[in-house]
J.: 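One structure is given below, represented as structure tokens, and several questions about it will come after.
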Amino acid sequence: MDKDKYWLSIIFPIAAISSGFSVIIPLYILELHGNVVDVSLATTAYSLAVIPASLFWGELTQNLRKIKLFIMISVIGVIPLIVLLYLLHSILLAVIIYAAYAFILTASSPAINMLIMNRRKNTLLRSYYGIYGLMSIVGNIIGYIPGVLLFSDVIARYLLILFAFNIISLIFTIFFVKEETEKIKQDKEKHLHRMFPMLNALSKFPQILTSHRLIIELAKIRRRQKTVRIMTIFAAIAIVNFGIYLFNTSYIPFLYSYKISYSDIFLINILNGFGQVIVYTIFMLGKAKNTLRRYYKLSTLIRSTSYFIAIISILSLTAVLYLNFFSYFVAGLGYALWNISASVIIYVNIAGKMEAHYVGLWSAIIGLSGVLGAFSSGLLSFYIGYIFTFILSIIFTLSSIMIFNRAYVGGHKIRDFGNKI
């Protein structure tokens with residue numbers, strides 16, 4: 001790897017910590033005799049915190065342009081949170097810390113986006129998204145692996161491992177991240193920070209990397225779609241996002257309730273990551289040749305299938321673990337396929353003079369769908385049961401296809417740098 005690319009190494013420990021928190025926080029709460037409602041409150045608090053954090057850190061990064069400083073703030077700020085979780089044992093504290101973690105972690109997102117924006121060469125949009133999405137997912141898997149290897153006192157030991165990941169990311173930042181000297185053109189810079197809320201809300205983890213520059217470039221080759229089409233696409237994707245949060249928020253409590261061990265829960269999440277890696281690799285290598293509209297529809301079918309397999313596992317107690325291995329692997333395939341296809345379709349459709357307006361509106365829609373999905377998940381699972389919650393996830397996910405189809409009634413095929421939408 002060239003020396004000017006060493007900074008990319010910071011993505012792996014940051015992503016590892018993020019994935020670690022996404023598993024250990026629910027387990028931490030459940031270990032303290034919390035329930036699925038408590039877990040959903042933590043996820044809801046996290047999702048809520050990401051939205052203002054994206055605006056706050058995006059604005060500061062754009063104005064101060066201290067890229068290394070904000071990555072350092074993000075990395076150092078996580079250390080006291082891990083220490084507090086290790087020393088104190090409180091469900092309320094876990095909820096607050098998870099929200100604080102979301103806010104602090106997001107400080108690095110605009111800075112990393114700016115690093116990539118300045119150093120990225122022109123490339124196929126879907127391949128570009130696949131490259132950096134793949135790096136993030138590999139980092140997530142790195143974060144899950146230690147959890148599989150721990151068999152006693154998992155939570156306390158895993159928090160120490162997260163602390164170690166944080167020290168590694170701090171070292172990488174100090175030695176490999178340099179302040180940018182290249183100036184971003186004014187017409188691009190003034191819009192840059194407005195993209196971060198959407199990028200953070202759309203992805204499972206806020207460090208998924210995509211550049212606002214792509215929207216500017218797309219605006220030169222394609223006119224903005226009609227408002228009705230854009231809003232219809234927004235609605236379809238928001239419904240899928242609601243279904244994702246509805247399922248994912250209750251999934252770890254569901255596994256915990258069926259006595260799945262902590263190490264197996266981490267292994268299940270690794271398989272989900274492998275599923276995403278397969279899809280991101282296919283897009284990165286340019287092997288995905290079909291239209292993104294078809295990939296979007298396929299992703300909803302795959303994701304719904306994974307939910308159905310999880311439901312079947314409840315009815316087959318002897319195979320509950322192995323069925324969930326397969327279920328969450330399939331879910332990873334569906335999520336990555338949906339994330340890439342939905343993202344690129346959005347970017348192409350909002351390119352134009354009113355893109356800032358649509359980004360702000362989209363940020364609110366996608367953020368709200370995640371918050372409502374997480375909150376509803378806990379209540380539904382607690383009072384009605386996991387099966388009903390997972391069935392609702394299937395219904396919402398599949399219903400988005402009908403809404404999505406309405407956006408392209410009589411529509412023509414659109415290309416963005418060779419990608420068929």
J.: Would you confirm whether the ring centroid of Tyr262 sits within less than 6.0 angstrom of the ring centroid of Tyr158?
T.: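 Between Tyr262 and Tyr158, which both carry aromatic rings, the centre distance is not below 6.0 Å.
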J.: What heavy-atom pair brings Leu84 and Leu93 nearest, and what distance separates the two atoms?
T.: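 Answer, listing the atom of Leu84 first, then Leu93: O-CD2, 3.9 Å.
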J.: Would you name the heavy atoms of Leu292 and Ile345 that are closest together and state the gap between them?
T.: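 Closest heavy-atom pair between Leu292 and Ile345: O-CD1, 3.9 Å.
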J.: With a 4.5 Å limit on heavy-atom distance, are the side chains of Ile394 and Ile311 in contact?
T.: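 Contact flag for Ile394/Ile311 side chains = yes.
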J.: Return the CE to CD1 distance between Met135 and Ile11, rounded to the nearest 0.5 Å.
T.: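 Answer rounded to 0.5 Å: 3.5 Å.
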J.: What is the distance from atom CG of Leu246 to atom OG1 of Thr389, rounded to the nearest 0.5 Å?
T.: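 Result: 6.0 Å between the selected atoms.
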J.: Do the non-hydrogen side-chain atoms of Phe329 and Ile268 ever get within less than 4.5 Å of each other?
T.: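 Result no, sub-4.5 Å side-chain heavy-atom pair not found.
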J.: If I compare all heavy atoms of Leu333 with all of Val279, which pair ends up nearest, and what's the gap?
T.: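 Heavy-atom minimum between the residues: O-CG2, 3.6 Å.
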J.: Quick check: do Tyr386 and Ser257 have side-chain heavy atoms less than 4.5 Å from each other?
T.: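 In contact.
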J.: Should Asn272 and Asn140 count as side-chain neighbours, where that means a heavy-atom distance under 4.5 Å?
T.: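 No, too far: nothing below the 4.5 Å cut-off.
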J.: Given the side-chain rings of Phe326 and Tyr322, with only the six-membered ring counted for Trp, is the space between their centroids under 6.0 Å?
T.: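 Ring centroids of Phe326 and Tyr322 are no less than 6.0 Å from each other.
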J.: If you round to the nearest 0.5 Å, how far is CD1 of Ile79 from CD1 of Ile17?
T.: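 Interatomic distance, Ile17 CD1 to Ile79 CD1, rounded to 0.5 Å: 8.5 Å.
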J.: For Pro13 and Phe172, work out which heavy atoms get closest and say how close.
T.: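 Closest pair (atom of Pro13, atom of Phe172, distance): CG-CD1, 4.0 Å.
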J.: Compare every heavy atom of Ser263 with every heavy atom of Val148, then report the nearest pair and how far apart it is.
T.: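 In this case the closest contact between Val148 and Ser263 is O-CB, 3.3 Å.
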J.: Under a 3.5 Å threshold, yes or no: a donor from one side chain and an acceptor from the other, between Ser377 and Thr249?
T.: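 Checked: Ser377/Thr249 side chains show no N/O donor-acceptor pair below 3.5 Å.
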J.: To the nearest 0.5 Å, tell me how far Leu88 CG sits from Ile97 CD1.
T.: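 One gets 7.5 Å once the value is rounded to the nearest 0.5 Å.
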J.: Show every ring pair (Phe, Tyr, Trp, His ring centres under 6.0 Å) that has at least one partner inside residues 86-111, sequence neighbours left out.
T.: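 Qualifying pairs: Phe21-Tyr101, Tyr46-Tyr98, Phe56-Phe103, Trp57-Phe103.
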J.: Heavy atoms, side chains only, cut-off 4.5 Å: are Ile270 and Phe266 in contact?
T.: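 Counting from C-beta outward, Ile270 and Phe266 never come under 4.5 Å.
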J.: Measure the CG-CD1 distance between Leu87 and Ile82 for me, rounded to the nearest 0.5 Å.
T.: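 Between atom CG of Leu87 and atom CD1 of Ile82 there are 12.0 Å.
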J.: Can Asn248 and Tyr328 be counted as having a side-chain donor-acceptor contact under 3.5 angstrom?
T.: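 Looking only at side-chain atoms, Tyr328 and Asn248 do form a donor-acceptor pair, the distance falling under 3.5 Å.
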J.: Would you say the side chain of Asn324 lies within less than 4.5 Å of the side chain of Ile260, judging by non-hydrogen atoms?
T.: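 Ile260 vs Asn324: side chains apart.
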J.: Using the ring-ring contact (aromatic ring centres under 6.0 Å, His included) definition, which of the options Phe247, Tyr307, Phe308 pairs with Phe390?
T.: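 Result for ring-ring contact (aromatic ring centres under 6.0 Å, His included) with Phe390: Phe247.
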J.: Evaluate the side-chain proximity of Ser19 to Asn269: yes if any heavy-atom separation is below 4.5 Å, no if none is.
T.: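 Result no, sub-4.5 Å side-chain heavy-atom pair not found.
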J.: Once side chain to side chain donor-acceptor pair (under 3.5 Å) is applied, do any residues pair with Lys297, and if so which ones, sequence neighbours excluded?
T.: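 Counting only residues at least two positions away or on another chain, Lys297 forms a side chain to side chain donor-acceptor pair (under 3.5 Å) with Asn405.
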J.: Could you give the distance from CG (Leu392) to CZ (Phe396), rounded to the nearest 0.5 Å?
T.: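 With rounding to 0.5 Å, CG (Leu392) is 6.0 Å from CZ (Phe396).
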J.: Is there side-chain contact between Ile278 and Phe274, with at least one heavy-atom pair below 4.5 Å?
T.: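 SC-SC contact between Ile278 and Phe274 ruled out.
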J.: If every non-hydrogen atom of Ser74 is compared with every non-hydrogen atom of Leu105, which pair is closest and at what distance?
T.: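 Minimum heavy-atom contact is OG-O, 3.2 Å.
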